[in-house]
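Written below as structure tokens is the structure these notes are about.
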Amino acid sequence: MKRFQKYIHLIDLNDYPVSWWKHLLELAHEIREDPSAYSEACKGKIMGTLFYEPSTRTQMSFQTAMLRLGGTIIGFDNPATSSVAKGENIKDTTKIVSGYADIMVMRHPTAGSVKAAALTAECPIINAGDGGHLHPTQTLTDLMTLNEEKHTLENLTIGLCGDLKNGRTVHSLIKAMSCFKGNKFVLISTKELALPTYMKDILSASGHSFKEVTSLDHAIEELDVLYMTRIQRERFASEEEYLAQKGCYILDREKMVRAKRDMIVLHPLPRVDEIAIEVDDDPRAKYFDQAKYGMYIRMALILTVLRCDGLPAPLIVGRTIPKAKCSNPKCITNQELYLPLYFTGSGDTVTCEYCDERTLL
Ligand code: NCD
């Protein structure tokens with residue numbers, strides 16, 4: 001069953017064709033060259049930001065993006081001071097805000113939550129991070145950084161290092177970069193923080209080569225891009241499990257000596273201890289530039305979504321299966337029990353349409 005949308009929601013970048021991403025990258029480039037030409041482009045429009053989880057860059061870059069386009073903003077960044085604290089569900093909160101705003105941006109700790117909101121939203125909604133699942137606008141930021149700094153999105157050897165299990169930026173970036181030819185992926189993590197199986201399946205299905213290694217020291221020499229990530233403390237079941245992983249990878253000046261002269265270091269930020277401060281002065285460290293690119297690409301995205309430029313993606317492509325439930329305890333369908341359940345695939349193992357995890361029937 002396909003349910004088409006009136007709006008261009010952005011839940012998962014891969015819902016849209018690569019040509020649409022390229023349009024965003026081109027527009028972001030133009031905006032960066034001449035921001036004043038866009039200073040009234042969203043005059044009279046209101047953006048609602050619903051941040052159920054902490055954020056600095058994503059929230060402020062969305063807000064500044066809208067303000068720089070001439071629009072205004074409403075929203076909350078502390079659910080404790082909104083009706084969420086009284087027990088309001090996602091459906092009610094987002095349906096109400098979508099009646100007040102022209103575009104919504106939502107971050108939530110649970111996988112699939114933004115898709116759940118999109119089912120009943122009355123304006124476009126953008127996923128600013130749903131639990132450990134996806135973070136498409138960080139990926140747009142990463143694509144813009146690669147495009148501007150490496151001048152290509154193809155034939156790159158990309159090392160992803162750190163918490164590959166819980167890092168949503170990693171998941172979104174791998175899905176996106178596996179759409180471009182010739183990219184190779186080096187997955188650098190401890191056994192405990194390895195990339196989830198469903199993500200490895202996506203990589204295998206795309207035909208791209210990837211390998212899993214535990215040593216950053218050994219891997220660094222062959223990389224064109226090193227994407228460092230923080231160990232996602234808030235997604236661990238216990239503090240002990242987090243402490244066992246903390247500090248497992250630290251990029252320092254000594255390791256950078258072994259890297260290619262044109263390798264670039266990216267990080268979605270915030271950094272904890274995984275990149276030593278001494279690396280900041282290395283011209284290959286691009287993570288602060290990356291955060292700035294994020295503002296331009298979000299301006300391009302807001303503009304494109306509000307202009308309804310492009311074909312809205314189908315929100316639901318799967319079907320309901322009697323008695324089937326998603327087996328992922330971190331999926332929104334196991335928290336907000338009124339949600340209709342949809343699955344794709346056939347046979348004994350199907351995929352939950354909200355969180356992408358596999359469920360055994
Ligand atoms: C990332 C996130 O929230 O997933 N931060 C961001 O949006 N720039 C990465 C992180 O928190 O580690």
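Throughout, numbering of the chain's residues begins at 1 and tracks the sequence. One-based numbering, in listed order, for ligands and for the atoms of each.
Remark: ligand 1 atoms within the under-4.0 Å shell around heavy atoms of Arg230 are 10 (C), 11 (O), 12 (O). Atoms of ligand 1 lying under 4.0 Å from any heavy atom of Thr58, numbered from 1 in the order shown and given with element: 6 (C), 7 (O), 8 (N). Residue contact check: Leu269 has heavy atoms under 4.0 Å from atoms 1 (C), 5 (N), 6 (C), 8 (N), 9 (C) of ligand 1. Using a 4.0 Å cut-off to heavy atoms of His135, the atoms of ligand 1 that qualify are 2 (C), 4 (O), 6 (C), 7 (O). The Gln232 neighbourhood of ligand 1 comprises atoms 10 (C), 12 (O), with distances under 4.0 Å to a heavy atom of that residue.
The aromatic rings of Tyr354 and Tyr342 sit parallel, their planes meeting at an angle under 30°, below the 60° perpendicular limit.
Between Tyr242 and Phe236, the distance from one ring center to the other falls under 6.0 angstrom.
Within the 4.0 Å heavy-atom criterion, neither part of Thr229 lies near ligand 1. With a heavy-atom cut-off of 4.0 Å, Glu53 does not touch ligand 1 at all.
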Fill in: Candidate pair Asp282 and Arg284, rule salt bridge (Lys or Arg N to Asp or Glu O under 4.0 Å), full reasoning
CA-CA 5 Å; Asp282 190 306; Arg284 296 169 290 180; 2.8 Å; yes
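For Pro270, the closest heavy-atom approach to ligand 1 falls below 4.0 Å.
In this structure, Asp12 does not pair ionically with Lys115, as no charged nitrogen and carboxylate oxygen lie closer than 4.0 Å. The pair Arg230-Asp163 does not count as a salt bridge, with every side-chain nitrogen at least 4.0 angstrom from each carboxylate oxygen. Taking a cutoff of 4.0 Å between a charged side-chain nitrogen and a carboxylate oxygen, Lys286 and Asp142 do not qualify as a salt bridge.
With sequence neighbours left out, Glu212 forms a salt bridge (Lys or Arg N to Asp or Glu O under 4.0 Å) with Lys200.
Considering only non-hydrogen protein atoms, atom 3 (O) of ligand 1 sits nearest to Arg168 NH2, 2.9 Å.
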